[in-house]
Amino acid sequence: MQPTHVGPMDRSYRFADIEADVQQRWAEADAFRVARDDREKFYCLSMFPYPSGKLHMGHVRNYTIGDVISRYKRMCGLNVLQPMGWDAFGLPAENAAIKNGVPPAKWTRENIAAMRDQLKQLGFAYDWSREIATCDPSYYRWEQWLFTKLFEKGLVYRKESVVNWDPVDQTVLANEQVVDGRGWRSGAIVEQRAIPQWFARITDYADELLDDLDKLDGWPDAVKTMQANWIGRSTGLEIDFAVAGHDAPLTVYTTRPDTLHGATYMALAADHPLVAAAADADSALAAFVEECRAGGTAESELTTREKKGYRLPVDAIHPLSGDKLPVFAANFVLMGYGTGAVMSVPAHDQRDWEFAKAYDLPIVSVIADDNGVPGDVSEAAFVAKGPLVNSGEDDGKDFDTAFNDIADRLEARGVARRKTQYRLRDWGLSRQRYWGAPIPIIHCDECGAVPVPEADLPVVLPEDVTPEGAGSPLPDMPEFVNCSCPKCGKDAKRETDTFDTFMESSWYFARFTCPDADAMIDDRAHYWMPVDQYIGGIEHAILHLLYARFFQKLMRDVGLAQADEPFKALLTQGMVLKDGAKMSKSKGNTVDPQALIETYGADTVRLFSMFAAPPDQSLEWSDAGVEGAHRFLHRLWRLVATHVEAGIVAPAATAEGEAAELRRKLHETIAKVGDDVGRRYTFNTAIAAIMELVNALGRIDDTPSAEWQAVRQEALEAIVRMLAPITPHVGDQLWRALGREGLLLDAEWPVADEAALVRDTLTLVVQVNGKVRARIDVPADADRDTVAQTALAEPNVVRHIEGKDLKKTIVVPGKLVNLVV
RNA sequence: GCCCGGGUGGCGGAACUGGUAGACGCGUCGGACUCAAAAUCCGAUUCUGGUGACAGAGUGCGAGUUCGAGUCUCGCCCCGGGCACCA
């Protein structure tokens with residue numbers, strides 16, 4: 001190929017024009033619309049945003065990571081699906097409505113339009129034809145449909161459950177709206193109030209959700225550990241303690257029946273029936289129960305409260321010794337967990353120990369330490385397992401033997417059962433809010449709770465409503481509430497609670513594969529699912545990801561889905577910080593992506609977001625760092641312009657002498673960047689390596705030989721392609737400046753030339769007693785003895801081993817020599 | 001309180017499998033260009049001592065394993081995420 005003359009290239013990098021042009025080119029080519037074909041697929045999904053108004057830096061970071069992976073996989077030849085949508089139901093829309101008098105529907109849709117525009121400015125390669133907004137009836141109708149299927153299968157049910165009740169505003173509060181036990185608006189002390197709510201039987205799937213974690217090779221161990229601990233499968237013993245003077249026993253669950261001999265008291269939840277019965281005759285106890293009800297329902301609040309109890313006028317009977325045990329009502333035992341009663345072994349449980357100290361209850365150590373004497377419980381509980389002591393016939397037994405012997409004896413008497421229990425609780429689906437998907441149930445005096453028939457779905461949420469203050473407006477809307485029973489036809493009332501918004505985010509990934517399906521999902525999901533790479537914040541490690549996994553299994557079990565798990569690989573991105581703290585309006589340390597896009601362009605914002613930190617760590621935002629990223633793009637632009645002015649040539653395929661060294665650097669970089677982008681997802685180190693290569697290229701003479709020119713052409717083409725996923729706009733422009741046809745996004749990802757990587761000498765480090773004393777150059781094929789002899793000949797090495805015995809010589813091939821004296 | 005992470009120069013970070021601590025970028029200092037400034041380019045930049053070659057110290061703190069530890073083990077401290085109605 002002869003040098004081609006291309007018209008003079010503008011020497012300055014005009015990002016605004018370039019980005020608009022390139023985005024137009026993509027639009028004209030409809031470049032991101034995808035469909036099933038014969039190629040291997042890759043489904044890359046970033047967690048969709050709540051449409052809060054405008055993008056923040058966390059979004060920019062999240063979506064840039066997803067876009068880089070998507071574009072890289074596309075250049076590798078895969079059929080890449082990357083969709084985007086809106087998690088459009090939620091509390092902020094109602095708050096905005098109260099504040100500004102705007103209907104949540106209008107507010108939400110305006111925010112969506114604004115944020116969609118921003119995403120387009122950033123140049124993300126989304127197939128916008130698949131866009132979903134979860135507040136559209138065409139979307140939520142299918143989760144209403146699934147709910148009715150689950151109702152038929154008995155997988156949803158109604159039970160009483162406590163909520164945060166604001167007695168002044170007369171409304172239910174979210175945990176977020178409870179600050180220090182008080183309502184955020186009224187300032188009133190929040191009370192726990194039990195109301196009937198719908199639940200999904202996620203505990204029926206607890207074993208599968210736990211066991212399938214082992215299949216998720218592409219998930220971070222930290223997330224799998226958190227989910228496993230959250231599910232919290234344990235094997236233990238359910239034990240009945242007789243109560244003196246009562247027929248009904250107190251049933252408790254324990255994972256440590258080996259410590260049963262050390263049980264010295266019992267603790268009951270404040271709303272346990274036995275407590276309620278006693279409170280009728282004791283006004284002080286009734287006051288204590290009332291006090292336990294004050295404050296929010298968040299677990300963090302309940303478990304950090306000062307532990308308080310109230311002695312009940314009953315005694316339990318120890319099932320082994322027959323001793324009487326005092327029974328307390330306690331504020332740290334919760335009715336919703338297990339049986340609402342616990343046996344307390346203060347010697348071997350820290351919480352029980354603290355309570356026993358406060359209430360002067362006996363602490364009996366029944367587990368021996370390593371020295372065979374009862375564990376020391378003077379300063380704290382002794383929680384380790386060990387042989388039993390002070391345990392009568394069970395003395396000396398280890399944990400397993402004691403567990404089994406005690407279980408066998410109690411089971412034989414019919415007062416205990418071996419039981420597998422979970423920490424995981426069923427998923428409460430009901431919310432007493434307006435801006436959510438209506439729960440498709442009709443309450444009939446005759447027939448009870450009746451699911452809305454499929455033909456009547458969706459139950460559409462009225463949208464021309466502006467909540468004005470506390471509480472959902474739905475119960476006050478007769479046109480919504482009044483209806484007839486689908487079973488008997490009599491007058492009935494519609495359920496006015498809406499779904500938890502985790503419902504919508506638990507299946508959107510599947511809907512993206514077939515957004516226009518006339519069913520929840522259709523067989524297109526079988527091609528695209530599971531998601532090959534899911535990307536989102538670590539804050540979703542438990543709840544969202546667990547519910548989504550649960551929904552995938554539910555959809556499979558109603559015959560819609562094939563995959564057992566929705567997300568093959570997961571990347572949890574870190575937070576974006578400014579001045580060491582999470583960006584927030586209240587701290588005044590926010591950075592607006594929009595202003596940055598306007599000042600520096602999308603490519604600079606994308607580049608800095610990827611360069612500043614590895615994706616899974618927190619990222620410290622730096623305006624100066626953004627300048628640096630911008631400078632780099634200017635430098636690259638000028639480098640290409642200079643090259644193009646000298647003349648475009650065919651890229652080199654081989655080189656000699658110094659040009660060969662540059663070419664080796666090029667192919668080492670290609671190998672490293674391919675590994676960093678394709679396997680490690682460490683985009684920061686990939687960019688650093690490309691910067692090094694650009695620096696090396698910048699050092700060559702401006703008017704080089706034909707050989708230099710060819711190597712430079714080869715290098716620039718590779719650099720532009722390696723940067724293509726990160727800075728796609730400037731890349732596309734430079735790709736054509738270098739004389740290449742077609743869109744850069746369909747160019748092939750560069751592959752390293754093994755022949756260019758060969759080295760004939762290596763530099764090794766020489767250590768004496770682990771300290772670096774010299775560096776030596778040796779032939780790449782030198783044997784150990786040669787290497788050792790070369791090392792021993794170094795003057796500075798000689799100085800450090802003189803007069804000492806050489807005890808050991810360690811040679812690590814290609815790395816170092818360590819001489820031990 | 002419980003579960004899960006993280007802590008490396010002035011700053012963001014690199015060191016992937018136990019093998020040269022500080023790549024790359026920012027900042028700072030010095031120089032070139034300019035009447036001058038900006039921009040750009042070149043050089044220096046962990047700390048201490050030394051003109052220097054070099055030497056000593058150094059990855060939150062304290063122990064340990066190893067020829068060798070930022071990396072592995074144990075115990076602490078601090079920061080962050082989650083805790084079921086924020087999303």
Side-chain angles (χ1 to χ4, degrees), chain A residues 47 49-50 52 87 89-92 163-164 172-178 197 220-223 225-230 232 296-305 307 332 336 350-351 354 423-428 430-433 500-502 505 537-544 546-547 572 574-575 577 580-582 608 611-614 616-629 631-632 634-635 638 675-676 679-680 682 684-685 687-692 695 698 763-767 769-772 775 796 799 807-810 812 815-821:
Chain A
M47 290 180 186
Y50 177 79
S52 53
D87 190 13
F89 278 133
L91 212 45
V163 293
N164 301 306
V172 175
L173 298 180
N175 283 339
E176 187 193 44
Q177 298 171 312
V178 178
Q197 308 201 67
D221 288 336
V223 175
T225 305
M226 280 190 269
Q227 292 220 348
N229 290 340
W230 185 262
T297 58
E299 188 179 270
S300 55
E301 195 181 323
L302 297 172
T303 55
T304 49
R305 246 173 225 177
K307 286 156 193 63
F332 56 87
Q350 186 60 24
R351 193 179 59 183
E354 285 165 21
R423 205 189 75 96
L424 179 69
R425 310 198 298 262
D426 276 340
W427 177 10
S430 302
R431 295 293 179 270
Q432 296 70 46
R433 311 207 187 290
D500 176 8
T501 57
F502 276 123
S505 55
I538 182 69
E539 66 272 20
H540 296 294
I542 295 176
L543 292 179
H544 161 61
L546 191 65
Y547 293 143
T572 51
M575 291 193 312
L577 311 176
K582 188 174 178 173
F608 179 71
F611 179 61
D616 57 346
Q617 284 180 28
S618 62
L619 182 156
E620 175 68 32
W621 194 265
S622 152
D623 293 338
V626 178
E627 293 266 8
R631 270 203 290 273
F632 170 74
H634 272 286
R635 204 153 55 231
R638 280 195 306 273
D675 189 49
D676 284 355
R679 178 183 65 88
R680 296 176 67 208
T682 52
N684 56 326
T685 54
I687 293 165
I690 294 169
M691 284 175 168
E692 277 192 68
N695 291 345
T763 302
L764 303 189
V765 158
V766 184
Q767 297 179 334
N769 285 348
K771 284 188 192 276
V772 180
R775 284 174 178 77
N796 202 40
R799 267 194 334 127
K807 285 189 194 153
K808 205 168 176 184
T809 303
I810 292 149
V812 181
K815 292 271 184 187
L816 60 72
V817 181
N818 190 12
L819 304 166
V820 185
V821 295

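Naming convention: chains lettered A, B, ... in sequence-line order (proteins, then strands); numbering from 1 in each chain. In this text the structure is predicted, and so the values were computed from the model without any measurement.
When rounded to the nearest whole Å, the span between CZ of A:Arg423 and C1' of B:A84 equals 8 Å. Straight-line distance from the CG atom of A:Asp500 to the C1' atom of B:A84: 9 Å, rounded to whole Å. In this structure, A:His634 atom NE2 and B:U40 atom P are separated by 8 Å, rounded to whole Å. For the pair A:Gln617 CD and B:U8 C1', the computed distance is 11 Å after rounding to whole Å. Distance CE (A:Met226) to C1' (B:C4): 4 Å, rounded to an integer number of Å. The nearest whole Å value for the distance from the CD1 atom in A:Ile542 to the C1' atom in B:G82 is 5 Å. Separating the CD atom of A:Glu627 from the P atom of B:G25 is a distance of 15 Å, rounded to the nearest angstrom. Put simply, CD on A:Gln767 is 12 Å from C1' on B:G18, counting in whole angstrom units.
A:Val812 comes within contact range of at least one nucleobase, with a heavy-atom separation under 4.0 Å. Using a 4.0 Å heavy-atom criterion, one finds that A:Asn769 contacts no nucleic acid atom at all. As judged by a 4.0 angstrom heavy-atom cut-off over every strand, A:Val820 is placed among residues touching the sugar-phosphate backbone only. Residue-level contact check: A:Glu354 touches neither bases nor backbone, having no heavy atom under 4.0 Å from any strand. At the heavy-atom level, A:Asp616 lies nowhere under 4.0 Å from the strands shown. Heavy atoms of A:Thr809 sit nowhere under 4.0 angstrom from any nucleic acid atom. A:Phe608 comes within contact range of no nucleotide atom at all, as no heavy-atom separation falls under 4.0 Å. A:Met575 comes within contact range of the sugar-phosphate backbone alone, with a heavy-atom separation under 4.0 Å but no base atom that close. A:Arg631 comes within 4.0 angstrom of sugar-phosphate atoms only, judged by non-hydrogen atoms across all strands, and of no base. If you check every strand for non-hydrogen atoms under 4.0 Å, A:Ala689 touches nothing. Nucleic acid contact for A:Ser618: sugar-phosphate only, since backbone atoms but no base atoms lie under 4.0 Å from a heavy atom of the residue. A:Ser300 comes within 4.0 angstrom of a nucleotide base, judged by non-hydrogen atoms across all strands. Backbone-only engagement by A:Glu620 is indicated by non-hydrogen atom pairs under 4.0 Å involving sugar-phosphate atoms exclusively. Here A:Val163 lies in heavy-atom contact (under 4.0 Å) with a base.
When side chains are defined from C-beta on, A:Phe611 does not count as touching A:Phe632, because their heavy atoms never get closer than 4.5 Å.
Distance alone, capped at 3.5 Å, places no donor-acceptor pair between the A:Asn818 side chain and the A:Ile810 backbone.
Nucleotide B:C2 forms a pair with B:G82, judged by Watson-Crick or G-U wobble geometry with both contacts under 3.5 Å. Partner assigned to B:C47 is B:G56, using Watson-Crick or G-U wobble distances below 3.5 angstrom. Shown here, B:U20 forms no base pair; nothing in the strands shown gives a Watson-Crick or G-U wobble contact with both key distances under 3.5 Å. B:C41 and B:G31 make up a base pair, with Watson-Crick or G-U wobble contacts both under 3.5 Å. Across all strands shown, B:A69 has no partner, as no Watson-Crick or G-U wobble contact with both distances under 3.5 Å is found.
A distance of about 14 Å separates the P atoms of B:A23 and B:G10, rounded to the whole Å. If you take atom P in B:C11 and the same atom in B:U28, they sit 15 Å apart, rounded to whole Å. One P atom belongs to B:U71, the other to B:A21, and the distance between them is 14 Å to the nearest Å. With C1' as the reference atom, B:G9 and B:C47 are 9 Å apart, rounded to whole Å. Taking the P atoms as reference points, B:G81 lies 25 Å from B:G75, given to the whole Å. The P atoms of B:C79 and B:G25 are separated by 34 Å, rounded to the nearest whole Å. Separating the P atom of B:U46 from that of B:G52 is a span of 14 Å, rounded to the nearest Å. If you take atom P in B:G19 and the same atom in B:A15, they sit 12 Å apart, rounded to whole Å.
Note that CH2 of A:Trp230 and CG of A:Leu546 are 8.5 Å apart. Values are rounded to the nearest 0.5 Å. Here NZ of A:Lys815 is found 12.5 Å from OG1 of A:Thr763. Values are rounded to the nearest 0.5 Å. Within the model, atoms CD of A:Gln177 and CG of A:Leu91 stand 4.5 Å from one another, a figure rounded to the nearest 0.5 Å. Here the straight-line distance linking atom CZ of A:Phe89 with atom CZ of A:Arg431 works out to 14.0 Å at 0.5 Å rounding. Residue A:Asn769 holds its CG atom at 8.5 Å from CG of A:Leu819, rounded to the nearest 0.5 Å.
Toward the 5′ end of RNA chain B lies the nearest nucleotide of A:Asp676, the other residue of the pair A:Asp676 and A:Glu176 mapping further downstream. Judged by closest nucleotide on RNA chain B, A:Leu816 is the one of A:Leu816 and A:Gln177 placed further toward the 5' end.
Within 90° of 0 lies the glycosidic angle of B:G9, which makes this nucleotide syn.
Here the nucleotide nearest the side chain of A:Ile810, chosen from B:G19, B:A87, B:A84, is B:G19.
For A:Arg638 against B:U40, a side-chain-to-base donor-acceptor contact under 3.5 Å is absent. For a distance-only test at 3.5 Å, the side chain of A:Thr303 qualifies as a donor-acceptor partner of the base of B:G1. Remark: the A:Asn818 side chain and the B:C67 base include a donor-acceptor N/O pair separated by less than 3.5 Å.
Distances shorter than 4.0 Å separate some side-chain N or O of A:Asn695 from OP1 or OP2 on B:G25. Using a 4.0 Å cut-off, some side-chain N or O of A:Lys771 falls inside it from OP1 or OP2 of B:A57.
Minimum heavy-atom separation, A:Ala541 to A:Val223: O-CG1, 3.6 Å.
A:Trp621 and A:Phe608 have perpendicular rings, their planes meeting at more than 60° on a 0 to 90° scale where under 30° would count as parallel.
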